[in-house]
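Chain letters run A, B, ... following the sequence lines, proteins first and then strands; every chain starts at 1. These numbers come from a predicted model, not from an experiment.
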Protein chains: 2
Amino acid sequence: MSIETDTREVKAMTSLKDIAQVCGVSVATVSKALNNHSDVSEARREQIKSKARELGYFPNQAARALKTRSTMDIGVLFADAHNSGLTHPYFSQVLEGLKIRTEERGYDLTFIGIKSKRNKMTFLEHCVYRNVDGVVVACVDFNQPEVLELVRSRLPVVTIDHVMDDCATISSNNVEGMTRLTQYVLSKGHRKVAYIHGRPSSTTNERMVGFFRAMEEKGIDPPEAYIREIPYLDDEAAYDMTLELLALEDRPTCIMYPDDYCCIGGINAIRDMGLSVPEDVSVTGYDGVPIARVVSPKITTYQQNMLEIGQTAADKVIELIERPRTAIKNNTVIGGTLFEGGSVGTIK
Amino acid sequence: MSIETDTREVKAMTSLKDIAQVCGVSVATVSKALNNHSDVSEARREQIKSKARELGYFPNQAARALKTRSTMDIGVLFADAHNSGLTHPYFSQVLEGLKIRTEERGYDLTFIGIKSKRNKMTFLEHCVYRNVDGVVVACVDFNQPEVLELVRSRLPVVTIDHVMDDCATISSNNVEGMTRLTQYVLSKGHRKVAYIHGRPSSTTNERMVGFFRAMEEKGIDPPEAYIREIPYLDDEAAYDMTLELLALEDRPTCIMYPDDYCCIGGINAIRDMGLSVPEDVSVTGYDGVPIARVVSPKITTYQQNMLEIGQTAADKVIELIERPRTAIKNNTVIGGTLFEGGSVGTIK
DNA sequence: TTGAGTTACGAAAACGATTTCGGACGTGAA
DNA sequence: TTCACGTCCGAAATCGTTTTCGTAACTCAA
């Protein structure tokens with residue numbers, strides 16, 4: 001425990017002026033040399049660049065931003081509906097992908113948070129205030145007026161998993177993913193398949209489409225009682241709902257859950273009833289989070305490629321930033337892979 | 001799929017000049033009014049403030065930063081040794097805490113990443129370049145020269161879980177936590193307690209101290225074969241190590257793991273040997289991540305208060321920023337709570 | 001009336017970078 | 001020699017904000 005003494009080295013910012021001084025040229029020339037403008041001789045450019053390196057020069061972002069309106073900074077907006085914050089098992093990986101790719105390409109990442117108390121600004125105002133070059137939006141309530149304002153602004157915006165007009169989107173292939181997962185279950189001989197889906201959203205809708213598509217292919221029309229709804233990531237709700245399903249007269253042989261966490265909750269319910277997975281009841285998850293491979297049996301799930309979703313979102317927003325006229329605002333779908341764990345048994 | 005047409009509304013930044021214009025005063029007066037300087041009349045101040053609100057004015061951070069050297073931006077440096085990136089179950093919650101508190105206090109959070117290829121700068125250079133007001137450092141290799149350079153700089157730095165000279169630290173109470181967890185195990189009658197700890201680090205060392213302290217209190221000296229080491233978060237290593245421990249002549253009745261993930265790996269090994277938890281073998285985790293409460297039986301673990309660690313780190317770095325002379329650089333320890341799951345049985 | 005002391009405001013410099021424009025100089029052709 | 005042209009560089013404006021300093025106007029006591 002010691003009082004701050006402030007005797008330590010100051011890492012002084014070396015400016016263009018410093019370089020100009022030692023090179024005996026003007027600031028303008030230094031700037032042009034470092035930015036590879038054509039009206040500076042090759043010899044000068046080399047001299048200046050080597051001096052700059054030597055002095056440990058890095059452009060002051062604040063000054064540059066003031067003049068050029070470019071900050072090399074990308075905002076990330078994330079407000080979870082599940083109260084899990086950044087620990088959101090899906091989003092944290094998307095964020096990691098974003099971080100990796102933006103860093104690779106020389107951009108930084110800044111959170112555009114929920115407005116603070118003192119100076120409450122909207123998301124867009126926050127972006128303008130911070131001069132971010134673009135924004136990636138995920139997990140928010142896309143009907144919120146503030147989000148609409150942001151998406152409709154001139155700012156380059158990329159959304160994750162939610163298609164909006166005139167705005168680029170990176171999304172997981174929910175239809176195909178759920179189709180393939182269901183097809184896998186059916187290929188194991190299951191015919192009495194229950195599906196507990198998440199709360200309504202574009203993601204949920206797509207997965208429903210995938211589920212029913214696969215079922216229809218086999219000519220199966222599941223009874224209404226087999227289709228249920230719970231919140232995402234709510235293992236307790238999954239537990240209760242599982243008990244309900246297993247109490248049915250004609251009990252399903254396989255239960256499909258909205259995500260891997262819910263699936264674990266379901267497994268607990270099944271075991272607490274004295275049944276076992278997958279011998280008595282089969283289950284599937286969704287997402288393919290790390291924990292799905294750790295529990296026993298490993299959960300059969302559709303593994304979304306969240307890292308790639310994040311990376312692609314970064315590429316997309318940077319493309320919109322750097323080539324505003326040519327960049328196309330479309331929907332990029334990222335494929336995943338079926339992970340065959342041990343939670344789905346065979347029905348003879 | 002449509003070509004960007006750029007017909008959308010521009011959210012024009014309203015500047016001090018705009019306000020000055022409509023109020024018929026100078027820019028200087030507007031600035032002073034908004035910053036509550038004393039040399040502007042009350043009437044003027046009100047007029048200017050209301051106009052500013054009306055026009056949706058927010059100060060341009062870039063311009064302000066250029067002049068004042070304050071960006072209201074805090075850097076967060078995080079490089080995981082476990083390759084789990086932001087999905088790191090521990091860190092993602094710390095980050096969430098950081099995010100919540102910094103937002104509350106009007107600061108933003110920017111990642112200070114690993115240097116990118118094109119312009120490779122050190123962490124400190126990155127901070128200087130970005131003009132962050134302070135940095136929070138977590139999970140990095142604290143022996144790295146770059147990290148040392150950063151910590152020793154004049155920049156306000158707060159580290160998480162690693163005490164360094166002349167630098168504020170927020171850490172979990174590892175000694176007490178492990179002591180209490182071990183005491184709990186012993187109180188259940190266990191005497192043959194194995195401890196699989198993580199790779200050496202200050203955190204690991206503290207927990208070892210806690211473990212042996214509790215054991216000594218009971219006069220127990222565990223055999224060397226009971227003390228093992230694996231990487232953190234490596235459930236497969238935990239699986240293998242558990243098999244080894246259970247193959248011992250004199251098998252332990254309880255195995256303590258370095259974290260909850262490893263504990264789950266251990267549970268799998270125990271079950272695969274035809275034994276059950278906690279009837280045949282008891283287990284404990286560490287951290288208290290959400291999944292510990294989802295698996296069955298729930299894992300008895302020491303729940304670190306990671307959200308609060310993050311929030312406290314934010315408070316600390318902001319204190320160092322706003323009161324550089326008076327702020328004290330010390331080590332703040334955040335307590336956790338014992339979570340009594342069902343993974344530890346009673347030995348009669 | 002005079003002088004000192006407030007009060008309320010504006011002019012201007014500064015932060016560090018980019019960019020426009022113009023000028024000095026050298027080269028080659030007529 | 002002269003003129004047109006290209007090459008290389010610098011002066012100065014600019015981005016939006018903060019801050020110092022100067023000053024006009026007003027108050028009040030002597």
Side-chain angles (χ1 to χ4, degrees), chain A residues 10-49 51-52 55-73 119 125 127-133, chain B residues 10-49 51-52 55-73 119 125 127-133:
Chain A
V10 182
K11 183 75 176 189
M13 169 89 91
T14 80
S15 70
L16 286 187
K17 194 160 30 162
D18 301 326
I19 301 178
Q21 204 117 32
V22 301
C23 288
V25 295
S26 74
V27 217
T29 302
V30 177
S31 172
K32 285 185 286 192
L34 294 177
N35 289 318
N36 292 320
H37 285 207
S38 60
D39 59 344
V40 45
S41 71
E42 208 47 49
R44 269 266 180 269
R45 185 190 318 286
E46 283 315 312
Q47 177 205 16
I48 289 173
K49 280 195 173 180
K51 267 300 177 211
L55 296 179
Y57 170 81
F58 290 100
N60 181 321
Q61 264 308 328
R64 174 177 280 183
L66 184 58
K67 186 66 180 151
T68 65
R69 300 279 157 208
S70 156
T71 50
M72 296 299 281
D73 199 11
N119 44 359
E125 284 167 346
C127 290
V128 172
Y129 152 86
R130 219 21 118 173
N131 294 112
V132 297
D133 293 340
Chain B
V10 182
K11 183 75 175 188
M13 170 87 93
T14 79
S15 70
L16 286 186
K17 193 163 28 164
D18 301 325
I19 301 178
Q21 202 118 31
V22 301
C23 288
V25 296
S26 75
V27 229
T29 302
V30 176
S31 173
K32 285 185 287 193
L34 295 177
N35 289 320
N36 293 319
H37 285 206
S38 60
D39 59 344
V40 46
S41 71
E42 208 48 49
R44 269 266 181 267
R45 185 191 316 286
E46 283 315 314
Q47 176 206 15
I48 289 172
K49 280 196 173 179
K51 267 300 178 212
L55 296 179
Y57 170 81
F58 289 100
N60 182 320
Q61 262 308 328
R64 174 176 282 183
L66 183 59
K67 189 63 183 152
T68 64
R69 300 278 158 210
S70 156
T71 51
M72 297 298 283
D73 201 11
N119 44 357
E125 284 168 344
C127 290
V128 172
Y129 152 87
R130 213 28 113 173
N131 293 113
V132 297
D133 293 340

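- Using a 4.0 Å heavy-atom cutoff across all strands shown, B:S31 reaches at least one base atom of the nucleic acid.
- In this entry the distance linking CD1 of A:I48 with P of C:dA17 reads 13 Å, nearest Å.
- Atom CG of A:N131 is separated from atom P of C:dA17 by 17 Å (rounded to the nearest Å).
- Mapped onto DNA chain C by nearest heavy atom, A:K32 and B:S38 fall at different nucleotides, with B:S38 at the one closer to the 5' end.
- Within the structure, a side-chain polar atom (N or O) of B:S41 is placed less than 4.0 Å from OP1 or OP2 of C:dC9.
- The side chain of B:A28 lies closest to C:dG10 when the candidates are C:dG10, C:dT19, D:dT17.
- Nearer to the 5' terminus of DNA chain C, by closest-nucleotide assignment, is the contact made by B:D39 (compared with the other of A:L16 and B:D39).
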N/O contacts under 3.5 Å, protein versus nucleotides 13-15 of chain D?
unit_1 : atom_1 : unit_2 : atom_2 : d
D:dT14 : O2     : A:K67  : NZ     : 2.9
D:dC15 : O3'    : A:R69  : NH2    : 2.8

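- One interatomic measurement links the two molecules: NE2 of A:H37 to C1' of C:dC21, which rounds to 15 Å at whole-angstrom precision.
- Applying the side chain to side chain donor-acceptor pair (under 3.5 Å) test to pairs two or more places apart or on separate chains, those with a residue in residues 38-48 of chain A are A:K32-A:D39, A:R44-A:Q47.
- Within the structure, every side-chain polar atom (N or O) of A:T29 is placed at least 4.0 Å from both OP1 and OP2 of D:dC9.
- Regarding contacts with the backbone of C:dG16, every side-chain N or O of B:Y129 stays at 4.0 angstrom or more from both OP1 and OP2.
- Contact between the side-chain N/O atoms of B:R44 and the OP1/OP2 oxygens of C:dA8 is not found at any separation under 4.0 Å.
- OP1 or OP2 of C:dG10 lies within a sub-4.0 Å distance of a side-chain N or O belonging to B:S26.
- Phosphate proximity of D:dG16 to B:R64: absent, as no side-chain N or O sits under 4.0 Å from OP1 or OP2.
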What side-chain donor-acceptor pairs closer than 3.5 Å can you find for residues 57-65 of chain B, not counting sequence neighbours?
unit_1 : atom_1 : unit_2 : atom_2 : d
B:N60  : OD1    : B:A62  : N      : 2.8
B:N60  : OD1    : B:A63  : N      : 3.2
B:Q61  : NE2    : A:Y129 : OH     : 2.8

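- One atom, CZ of A:F58, and another, C1' of C:dG16, lie 16 Å apart when rounded to the nearest Å.
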